[in-house]
Amino acid sequence: MSITQKNPTLLSPLSGSPIIHDCVQDWVNALVELMEPDSIHWCDGSAEEAAHLTRVLVEQGTLHPLNPDLRPNSYVARSEPSDVARVEARTYICSREEADAGPTNNWEDPELMREKLRELARGSMAGRTLYVVPFSLGPLGSPLARMGVQVTDSAYVALNLHIMVRVTEEVWGRIDSGANWVKCVHTVGAPLAPHQVDVAWPCNDTKYISHFPEGREIWSYGSAYGGNALLPKKAFALRIASVLAKEEGWLAEHMLLVKVTSPEQKSYNMVAAFPSACGKTNFAMMQPSLPGWKVETLGDDIAWLAPGKDGRLRAINPEAGFFGVAPGTGPGTNPVAMDMLWGNAIFTNVATTAEGDVWWEGQSPEAPEGLTDWKGDPFNPALGGHAAHPNSRFTVGLEQCSTLAPEWMDPEGVVVDAIIFGGRRSSTVPLVLEARDWNHGVFLGATIASEQTAAAEGEVGKVRRDPFAMLPFCGYNMGDYMGHWLDMGNTLRKTGRLPRIFQVNWFRKDDAGRFIWPGFGENSRVLEWMVNRLEGRVSATASPLGWLPTALNIDGLALSAEELEVLLHVDPLEHERELKEAATFLSTFGSRLPAGISAELESTRVRLRQ
Ligand code: OXD
Ligand code: MN
């Protein structure tokens, strides 16, 4: 039952409501006292509640309904122009010891940060409703699932959570102490004075996304944008979960999860880590160009991996929806995503058409006439610039994806056969290679670098090291994290078969700056090679970097043998430089860099010089 309490001091469960454990009640009571909302809404995740939240948001001017004949039950939100991406500079890991956050995270003393946040949060929900959102990451009751509760003063965030995670009152019956759930506090930091008229996108110029790993707690202040505000996603399912995973012997990863089936009807599950906006959603919904091949979707952003009862590595997607980057998604690049967005979707910062539909760059070659841009202004293509923000997003439920694999509900997860690491590199890194063994694969993951995109604030195009694509998402010292990956190999080696590890780069360019590899559905050729490797059907060529394809199926592709050679080329001089940069980066972890990684660095160096 969805309950709104007008008088927030009346917090005992109303008749007919589920029993909510004291630890939750006490926590909510304390937050109410601090943030002084006008009312409280205990969410139940129902369709009626979604309809209510939608009504509130349309009235408030946050959501604009699209033309229901073109895109039923779908809405557009336009954010404040300053609140459009994750704010890594304002993201903190507040572990007790600074060294436990490591050199790649911002750190603040947890007590000082709590004090700072309490001051900011005092009265911050005045004039607003506090939504209490109980959720499960992963199928409720699965050994891999985890529970959390987010409080938020944003109906937009509550409605997005309905899509992104399993919001359900069943969580209340399973929370039995302070220990088995994660506390997520979110406020947009925009209190309303009596009679003050609200804006469409309340937020605050001051922003903090703070994680308290030891307290299993997250506080987010000042932003309503996805990754900053939908706390179960990056903040819980990656930053806090990575800490839980280290303690409990599993992995919380920034990875897509797919099931690949060959023409012989043999299926293999693969996870793939790519930095933000490298086409993970497109990969997750790949339409193979090779006849007889099938890719089914299990997840596009986050995978939780743990040894199963049989000792093999298993994976689930903890999320229940997609929060995908809209630009670049089109009938040619991702027809599955285009279809799944037929309705029941929330779009944020896209452009709208005169007919009341959505548009973004890459949806069609030409911008239609009469567009309204993401800021709500008429769009004039002659002036240049983007109609949709480069980091504009769609939020839609997993069930709408026509390629969703039936196993997505399996509480045991699926067996992981292969792990792929990738990045966006216009030079140097070959199209595909296979790691020599687990430790070498971990080294490849630890040294991923990628050209930056618009998903986070920062200089677009600049190459940055992004180990395991987890740089912005690892909740503890990344040196220890690399060590944990090595340890997982030791565990899996003892009990079952280790997944094989591959590295890919779809983005290598020729001298004229054009992508050499066609990508998208043609990436199935690379998957075919991987499956052949898993099945022991093809040999490979040893290179200093790992096993390269001796041959790759390029039949029917407009790609010359010379171009393929460029794609697979390993230039020792380029790699000497690459290795030097990787070594400099790895040295920042000092004594926390595992010996196993230093050993791989050294042996790669030796192989390059041979
Ligand atoms: C995302 C990201 O939003 O990685 O998925 O930034
Ligand atoms: Mn991501």
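Counting convention: from 1, in listed order, for ligands and their atoms alike. This one's a predicted model, so the numbers in the text were calculated from it and none came from an experiment.
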List for me each residue that meets side chain to side chain donor-acceptor pair (under 3.5 Å) alongside Ser267, sequence neighbours excluded, and say none if there are none. Thr261

Look only at interatomic distance and state if Ser276 has a nitrogen or oxygen under 3.5 Å from any nitrogen or oxygen of ligand 1. yes

What count do you get for protein N/O/S atoms less than 2.8 Å from the Mn ion (ligand 2)? 3

Proximity to ligand 1 by part of Glu88, non-hydrogen separation under 4.0 Å: neither

Quick one: do Glu80 and Lys207 make a salt bridge, cutoff under 4.0 Å? no

Over 60° means perpendicular and under 30° means parallel, so classify the ring planes of His440 and Phe443, tilted if in between. parallel

Can you list the atoms of ligand 1 that are under 4.0 Å from a heavy atom of Arg86? 2 (C), 6 (O)

Sub-4.0 Å atoms of ligand 1 with respect to non-hydrogen atoms of His254: 4 (O)

Atoms in ligand 1 with a heavy atom of Asp301 nearer than 4.0 Å: 5 (O)

Between the side chains of Trp517 and Asn523, does any donor sit under 3.5 Å from an acceptor? yes

Got a salt bridge between Glu578 and Arg465, using NZ or NE/NH1/NH2 to carboxylate O under 4.0 Å? yes

All pairs passing ring-ring contact (aromatic ring centres under 6.0 Å, His included) where residues 326-353 contributes a residue, at least two apart: Phe347-Trp360

So does Lys116 have more than 12 non-hydrogen atoms from other groups sitting under 6.0 Å from NZ? yes

Take the angle between the ring planes of Phe515 and Phe507 and call it parallel below 30°, perpendicular above 60°, tilted in between. perpendicular

Those residues at least two apart in sequence (or on a different chain) that pass salt bridge (Lys or Arg N to Asp or Glu O under 4.0 Å) with Lys183 are none

Lys234 heavy atoms within 4.0 Å reach ligand 1 at atoms 1 (C), 2 (C), 3 (O), 4 (O), 5 (O)

Report yes or no: does Phe473 have a heavy atom closer than 4.0 Å to ligand 1? yes

